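In this text the structure is predicted, and so the values were computed from the model without any measurement. A note on names: the letters A, B, ... follow the listed sequences, proteins ahead of strands, and every chain is numbered from 1.
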2 protein chains.
Amino acid sequence: MTISEVSKKYNLTQDTIRYYEKIGLLPKVPRSKNGIRDFDEEACNWIEFIKCMRNAGMEIEILIKYVTLFRQGKDTVKERRQLLEEQKSKLLEKQKSINETLDRLNYKIKLYDEIEAGTRKDFTEKI
Amino acid sequence: MTISEVSKKYNLTQDTIRYYEKIGLLPKVPRSKNGIRDFDEEACNWIEFIKCMRNAGMEIEILIKYVTLFRQGKDTVKERRQLLEEQKSKLLEKQKSINETLDRLNYKIKLYDEIEAGTRKDFTEKI
DNA sequence: TATTGACTTAGAGCGAACTCTAGGTGTTAT
DNA sequence: ATAACACCTAGAGTTCGCTCTAAGTCAATA
């Protein structure tokens with residue numbers, strides 16, 4: 001698969017994919033003899049994995065660490081597990097923040113609906 | 001309330017608070033006669049609100065827009081409602097991404113647990 | 001044969017959100 | 001009175017994660 005195909009498949013720019021490889025986020029992307037990237041299934045799987053993690057806001061440094069451990073083989077399973085557990089905690093925190101904010105947005109949207117409907121005349125919005 | 005008290009109360013640096021005011025994110029922070037900020041309840045409420053929204057990842061530009069509309073009074077209720085609704089959608093998307101990633105992390109953590117426990121001998125982790 | 005088009009690289013540039021620096025003012029404690 | 005301390009400002013610097021630029025290689029088509 002060429003970079004333009006991968007780019008379309010995962011909706012990432014070619015620049016982003018090259019950047020990810022450059023910083024060590026993609027282990028061994030195969031190349032055809034004239035130096036052109038030829039993504040195999042494993043490389044694609046990594047891209048998909050990284051995209052998923054990045055979408056959730058995981059830091060690139062952490063992902064590089066994970067990829068590095070992964071490449072070192074079975075001996076790093078314990079450390080990888082630990083890393084993922086930490087990231088899980090962070091995501092749970094983030095989830096909590098988002099839920100709090102959603103509650104607040106819902107409250108305010110409801111308030112604005114009441115104001116617009118005229119069912120609330122005492123317009124004392126308290127931020 | 002002085003800036004250092006507010007800073008402690010909301011766990012934001014003084015620099016961040018001053019920055020928020022400078023860019024128009026805090027409507028009218030009162031000042032004592034020698035020019036020192038003296039946060040009243042309303043200013044504190046704004047800080048708390050902004051902190052909540054920022055924690056969920058809402059962009060500063062959007063928050064400035066909201067604050068600006070708020071200051072313009074009742075006539076902007078409809079527009080404010082619309083803005084909040086858009087941000088709500090974004091947060092729901094983000095929530096979805098986080099949930100997907102959490103599922104994936106849980107799967108991998110479980111896999112690593114099995115590997116470590118020795119209950120899974122076929123070590124064919126597929127990223 | 002010339003040009004088009006997809007790929008390559010190194011490295012510069014960018015936007016967001018702070019964070020820090022330098023220099024200044026005003027109040028309080030010794 | 002002088003030092004310490006908390007505050008102030010404008011503006012420069014930093015970090016993250018891309019994104020763009022310039023210059024080059026190579027294969028296919030007019």
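Base contact: B:Asp15 has a heavy atom under 4.0 Å from a base atom. Base engagement by A:Arg18 is indicated by at least one non-hydrogen atom pair under 4.0 Å involving a base atom.
Proximity of B:Arg31 to the phosphate of C:dG26: no side-chain N or O atom is located under 4.0 Å from OP1 or OP2. Here B:Thr13 does not reach the OP1 or OP2 of C:dC18: none of its side-chain N or O atoms lies under 4.0 Å away.
Residues A:Asn55 and B:Glu100 bring no donor and acceptor atom of their side chains to less than 3.5 Å of each other. Donor-acceptor pairing under 3.5 Å is lacking for the side chains of B:Asp15 and B:Thr13.
Relative to the ring axis of A:Phe70, A:Arg80 places its NZ or CZ within 45° and under 6.0 Å from the centre.
With C:dC7, C:dG11, C:dA17 as the choices, the nucleotide that has an atom nearest any side-chain atom of B:Tyr19 turns out to be C:dA17.
Other residues, nucleotides and ligands contribute only 12 or fewer heavy atoms inside 6.0 Å of the NZ atom of B:Lys65.
Extent of DNA chain D lying under 4.0 Å from chain B heavy atoms, first and last nucleotide in 5' to 3' order, is D:dC7 to D:dG11.
Two residues are said to be in side-chain contact when any heavy atoms from C-beta on lie closer than 4.5 Å; A:Gln87 and A:Ile62 meet this criterion.
Look at CD on A:Gln14: it is 8 Å from P on C:dT8, rounded to the nearest Å.
Note on A:Ile50: it clusters hydrophobically with A:Tyr10, by side-chain heavy-atom contacts below 4.5 Å among ILVMFWY residues.
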